[in-house]
Amino acid sequence: MQRWRNGAVTIAPKNSGIQIAASNQLNPFQAAGELAQQLGHEHLGFVLFFCSAEYPLEELATALGGAFDKVPMSGCTTAGEITPLGYDRGSVVAIGFDSRVFAIETALVDDLEHFDLSRAQPLVDTLLERCRQQAVAPVNEHSFALTLLDGLSSREEQVLATLDAALGRIPSFGGSAGDDNHLTHTHVYANGHFHTRAAVVVMLNTRLPFEVFSTHHLEPLAHKLVVTEADREQRRVLELNGLPAADVYAALVGCSVDALSPSIFAQHPLAVYIGGQHYIRSIQRVNEDASLTFYCAVETGIVLTAMRPAPLLLDLEVMLQRVQQRLGATPSIIGCDCFLRRMALESLQQLDQASALLRQARVVGFNTYGEHHHGMHVNQTFTGVAFGAIPTSGG
């Protein structure tokens with residue numbers, strides 16, 4: 001079911017335990033009121049939201065807290081939203097979870113620098129135990145974790161790898177918060193407030209069938225580049241193959257250093273090959289000293305593979321079809337879509353076509369500054385979770 005009402009659009013897929021709403025109201029109190037009107041019911045147990053960073057965040061936090069009263073909430077700022085109608089900007093999209101179908105617990109990590117296994121393991125164990133007490137479904141077989149991180153913290157790799165070790169066989173996915181491509185301030189939301197240099201871990205236990213997935217549209221080329229000098233903490237590569245990084249990369253893609261731009265970076269990413277798969281390492285910017293700053297971790301000695309884009313729309317369509325085949329005709333999907341993919345669609349004038357695919361597949365989510373999948377931090381992927389309908393035997 002999809003409809004516009006008071007400026008908000010909603011979807012309530014049958015037998016899903018999930019309701020979805022979005023508002024493009026600029027006033028945070030009006031936006032929060034619309035979302036609460038659409039999502040509120042007696043069994044609403046949790047709300048997950050993704051909002052434009054253009055909102056006055058303190059006011060939005062107050063508005064959401066008042067509109068949803070004591071319902072627990074988590075969320076983050078975005079580099080663009082995926083609403084029930086497709087790609088959007090300047091809006092807020094929210095997902096309401098039925099407490100009869102989902103047991104959801106959250107934790108805020110506000111010290112990313114010192115997040116190690118001694119802190120991650122009790123965090124995960126506590127979240128799982130709290131879910132277990134709600135007796136929705138067996139936690140080991142029917143749970144997954146969603147991670148939201150400050151997209152400018154540069155701590156994603158450490159936090160995600162540590163958390164993955166603590167999670168064990170429990171799958172995970174997520175995204176790094178954005179700020180509408182300004183690259184200045186990104187926020188996650190927990191405990192009634194927006195936070196920087198922090199992460200939110202959301203444990204979801206459900207009796208719905210679900211699948212955590214990730215896809216990208218990039219293919220490897222033969223060209224290899226060795227990182228011969230890097231600043232790991234700053235994610236900055238100074239030299240490739242022993243020469244200034246920007247010079248080598250510009251020669252590879254066939255343009256001058258002065259012509260390097262976000263659109264060039266999006267069309268010509270690099271990747272690291274680990275365990276039989278290519279993990280994208282996208283470039284953020286070129287610096288005055290001819291070094292390159294990346295969105296993901298880079299370090300001296302790694303080998304980067306040049307990648308080229310295959311048709312993005314085709315990859316997206318095929319992925320959505322496969323998910324539908326495995327989970328049924330009407331799954332609900334929460335997606336974390338790299339903002340560089342959106343940028344590529346905009347440059348190809350294919351954003352409307354992509355929106356139509358996302359709308360038909362009931363995808364909501366946000367554009368990220370990096371995607372999380374099973375402990376890895378990557379770029380230029382579409383990562384998420386798809387839910388099927390409640391099994392008939394489960395009522």
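Tyr369 and Tyr295 have tilted rings, their planes meeting at an angle from 30° to 60° on a 0 to 90° scale. Between His41 and His43, the ring planes are tilted. Angles from 30° to 60° get that label. Between Phe97 and Phe46, the ring-plane angle classifies as tilted under the 30° and 60° cut-offs. Note: Tyr189 and Phe49 have perpendicular aromatic rings, judged against thresholds of 30 and 60 degrees for the angle between ring planes.
Checking Asp111 against His114 by side-chain atom types alone, a donor-acceptor pair falls below 3.5 Å. At a cut-off of 3.5 Å, with distance as the only test, no side-chain donor of Asp258 or Ser256 sits close to an acceptor on the other residue. Counted by atom type alone, Thr293 and Gln284 present zero donor-acceptor pairs between their side chains at under 3.5 Å.
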Derivation of the side chain to side chain donor-acceptor pair (under 3.5 Å) call for Thr78 and Asn367: CA-CA 6 Å; Thr78 76; Asn367 293 114; over 6 Å; no
Audit row: Leu146, Leu48, side chain to side chain contact (heavy atoms under 4.5 Å, CB included) steps and yes/no: CA-CA 10 Å; Leu146 165 67; Leu48 176 68; 3.5 Å; yes
Verdict with reasoning, His278 to Tyr273, per ring-ring contact (aromatic ring centres under 6.0 Å, His included): CA-CA 4 Å; His278 286 93; Tyr273 189 71; 4.6 Å; yes
From CA spacing to verdict: ring-ring contact (aromatic ring centres under 6.0 Å, His included), Phe387, Phe102: CA-CA 12 Å; Phe387 300 100; Phe102 289 87; 5.5 Å; yes
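The minimum heavy-atom distance linking Gly178 with Ala53 is given by the pair O-CB, 4.3 Å. The minimum heavy-atom distance linking Phe115 with Thr162 is given by the pair O-OG1, 3.8 Å.
For the pairing with Thr381, the side chain to side chain donor-acceptor pair (under 3.5 Å) check across His373, His217, Glu371, His216 returns one residue only, Glu371.
Follow the hydrophobic side-chain contacts under 4.5 Å out from Val378 and you never reach Leu148; the two are in separate clusters. Linking ILVMFWY residues whenever their side-chain heavy atoms come closer than 4.5 Å, directly or via other members, places Phe294 and Phe265 in the same cluster.
The pair Arg235-Glu157 counts as a salt bridge, with a side-chain nitrogen and a carboxylate oxygen less than 4.0 angstrom apart. The pair Glu54-Arg89 fails the salt-bridge criterion, with no side-chain N (NZ, NE, NH1 or NH2) lying under 4.0 Å from an Asp/Glu carboxylate O. Ion pair Glu346/Arg341 not flagged as a salt bridge, since none of the NZ, NE, NH1 or NH2 atoms sits closer than 4.0 Å to an Asp/Glu carboxylate oxygen.
Under the 3.5 Å distance criterion, the side-chain polar atoms of Thr186 are matched with a main-chain donor or acceptor of Gly151. Asp179 places a side-chain N or O within 3.5 Å of a backbone atom of Thr184 that can act as its donor or acceptor partner.
His142 NE2: more than 12 foreign heavy atoms inside a 6.0 Å radius.
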